[in-house]
Amino acid sequence: VKRIEFNEITKPAILEAFAHPRRIDQSLVQSQETRRMLDRIIGFQLSNLLQKKIKTKSAGRVQSSVLKLIVDLEEEINNFVSTPFYQISASNDNMTLNLVDSKNVIKKITSKEEANNIYSSLKKSFICKEVIKSETLRSSKPAFITSTLQQEASVKYGFSADKTMRIAQALYEGKEIGDMQVGLITYMRTDSTRLSDLFVDQAMKFIKDNYGSNYCGKPKLKNKGSAQDAHEAIRPTSLSRKPEDVDKYLTSDERKIYKLIYNRTISSLMASAKFESTTLLFDNSGHTFKTTGQRLLFDGYLKAYGLGDEDKNKLLPEILEGDVLDGFDIELEELFTKPKPFYTEATIIKTMEELGIGRPSTYAQTISKLKTSKYIEIIE
């Protein structure tokens, strides 16, 4: 008995797999058997114990680990003691300057006396002591895997992981387009960012034809060491089915997820965006203040993925070293330290992925089970 392996459902990949079958790997067999033992010991026995003792619904190695993370964070938040700190800034109609430390990081002053001394020493005039300009490249993100799709849908649309997977399942199974049932995306339970060679070739031609050759980038080949890589990344099955072309066949939520997947896939293969960053450092009574701006030089992958607020131009007036600026309102502000925020579905999935808890196919199911068992609740 031998095993064949293919990581994408394309004719060349399947023929290649049949041409090179491999022997059964007993280490992998034993690994799977060990996992089944853990399921029986923790899942079955612990579930029965909890049902008898505290009338709870279930337990399992994955949901127990996730529940502990949530409980530990809540205890940390409840035990957090807020302390005051102070920040000083100056603003006029054109810019806001922030007091910074020796590393040019916004300075958090813990002593009220020190904050008042600095504040009282400041003048209304600020002298520009340094202008720093640099070009920076920002690369696109890789195509979606299960966890990153769930996180992005949660952040952008407020979708639960379970809802996102139901929508993706419908897009994968297919929609009636014309007189055909068409699967619009590849398999959505995956931990691999790899894209098939055939698709990459087609995508590069698509990018060149639709955006220009200078927008072509390179595929992101590196997967995490723990990735099973059983399936390629989540991508559209055909780039010819643009979001606007299939809109009428999809529900409102399906349109959102399909467009997200389509644009992320295209942008992952496009060139980096280029920015010119400007940092201005000012002196006031021996204290350093800083402001920053940026200008988009080349949109690159943002052409397909779209500009966020953080990508837009934040232009500063033309200022030279030695220039003196007046007319600032100087403010001393008392702030308070804050605890870490509670987990959202997006952040708990990210944490599960980082710690290797569960698998792509279990993220949404785990959170759903914790909610239906009333171990946790989602507070909007």
Side-chain angles (χ1 to χ4, degrees), residues 31-80 141-142 144-169 187-193 223-231 233-234 257 338-380:
S31 174
Q32 189 267 343
E33 288 174 347
T34 303
R35 194 173 74 172
R36 289 175 63 193
M37 290 176 196
L38 284 171
D39 279 335
R40 283 163 170 74
I41 295 168
I42 297 178
F44 298 174
Q45 295 186 22
L46 185 58
S47 290
N48 288 335
L49 177 65
L50 292 176
Q51 285 164 11
K52 290 175 184 174
K53 297 295 183 183
I54 59 174
K55 310 300 181 194
T56 190
K57 300 275 177 68
S58 64
R61 58 191 168 81
V62 176
Q63 59 172 304
S64 297
S65 302
V66 176
L67 184 58
K68 177 165 172 37
L69 287 174
I70 295 169
V71 170
D72 287 349
L73 177 60
E74 183 157 353
E75 287 182 349
E76 185 181 336
I77 291 169
N78 291 337
N79 294 330
F80 183 82
K141 294 177 181 177
F144 281 129
I145 59 176
T146 304
S147 60
T148 52
L149 174 62
Q150 291 170 347
Q151 291 166 48
E152 191 81 350
S154 174
V155 170
K156 284 202 168 180
Y157 304 123
F159 290 177
S160 68
D162 190 47
K163 179 176 180 177
T164 299
M165 295 311 288
R166 286 199 310 272
I167 296 168
Q169 180 78 36
Y187 194 58
M188 62 284 156
R189 293 183 176 89
T190 176
D191 57 5
S192 173
T193 58
N223 278 314
K224 289 194 313 177
S226 60
Q228 287 184 333
D229 201 34
H231 302 276
I234 307 169
I257 295 298
K338 294 180 180 179
K340 294 176 183 177
F342 284 96
Y343 283 117
T344 63
E345 286 205 31
T347 56
I348 191 65
I349 287 169
K350 184 178 181 183
T351 304
M352 289 169 68
E353 183 187 20
E354 289 171 348
L355 296 176
I357 298 171
R359 275 317 200 183
S361 58
T362 65
Y363 296 148
Q365 182 185 3
T366 299
I367 294 169
S368 178
K369 190 167 283 189
L370 289 171
K371 286 193 288 188
T372 55
S373 300
K374 296 192 173 5
Y375 294 159
I376 63 171
E377 60 179 334
I378 306 294
I379 300 173
E380 301 294 340

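Atom-to-atom distance recorded for I70:CD1 and S65:OG is 11.0 Å, nearest 0.5 angstrom. Rounded to the nearest 0.5 Å, atoms CE (M37) and CZ (R40) are 9.0 Å apart. I167 contributes atom CD1, which lies 4.5 Å from atom CZ of F159 (distance to the nearest 0.5 angstrom). The distance from the CD1 atom of I348 to the CD atom of Q151 is 11.0 Å, given to the nearest 0.5 Å. Atoms CE and CZ, on M188 and F144 in that order, are 15.0 Å from each other to the nearest 0.5 Å. Interatomic distance, L69 CG to S64 OG, rounded to the nearest 0.5 Å: 11.0 Å.
Exactly one of V71, I376, I357 qualifies for a side-chain contact (heavy atoms from CB on, under 4.5 Å) with V66. That residue is I357.
In the model, R189 has a side-chain atom that pairs as donor or acceptor with a side-chain atom of Q169 under 3.5 Å.
A 4.5 Å side-chain heavy-atom check between E74 and N78 finds at least one atom pair inside the cut-off. Side-chain contact check for T148 versus T193: every heavy-atom pair is 4.5 Å or farther apart. Inter-residue side-chain proximity for L67 and Q63 is flagged as unmet; no heavy-atom pair is nearer than 4.5 Å. By the 4.5 Å heavy-atom criterion applied to side chains, I349 and T146 are not counted as neighbours. In this structure, the side chains of H231 and P360 stay at 4.5 Å or more apart for every pair of heavy atoms.
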Pair K163-E345, side chain to side chain contact (heavy atoms under 4.5 Å, CB included): steps then yes or no: CA-CA 11 Å; K163 179 176 180 177; E345 286 205 31; over 6 Å; no
Stepwise side chain to side chain contact (heavy atoms under 4.5 Å, CB included) check, E353 with Y363: CA-CA 9 Å; E353 183 187 20; Y363 296 148; 3.8 Å; yes
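The closest donor-acceptor contact from the side chain of T164 to the backbone of Q150 lies at 3.5 Å or more, if one exists at all. Listed for the T347 side chain is no donor-acceptor partner under 3.5 Å among the backbone atoms of Y343. Proximity of a side-chain donor or acceptor of S373 to a complementary backbone N or O of Y375 within less than 3.5 Å is not detected.
By the 6.0 Å contact criterion, NZ on K350 is open, its count of non-hydrogen atoms from other residues, nucleotides or ligands being 12 or less.
Minimum heavy-atom separation, L73 to P341: CD2-O, 3.4 Å. Taking every heavy atom of both residues into account, D191 and R359 meet most closely at OD2-NH1, 3.6 Å.
Looking at residues two or more places apart in sequence or on another chain, you find a side-chain contact (heavy atoms from CB on, under 4.5 Å) between S368 and D162, T372.
A salt bridge does not link K141 to E152: none of the charged side-chain nitrogens sits closer than 4.0 Å to a carboxylate oxygen.
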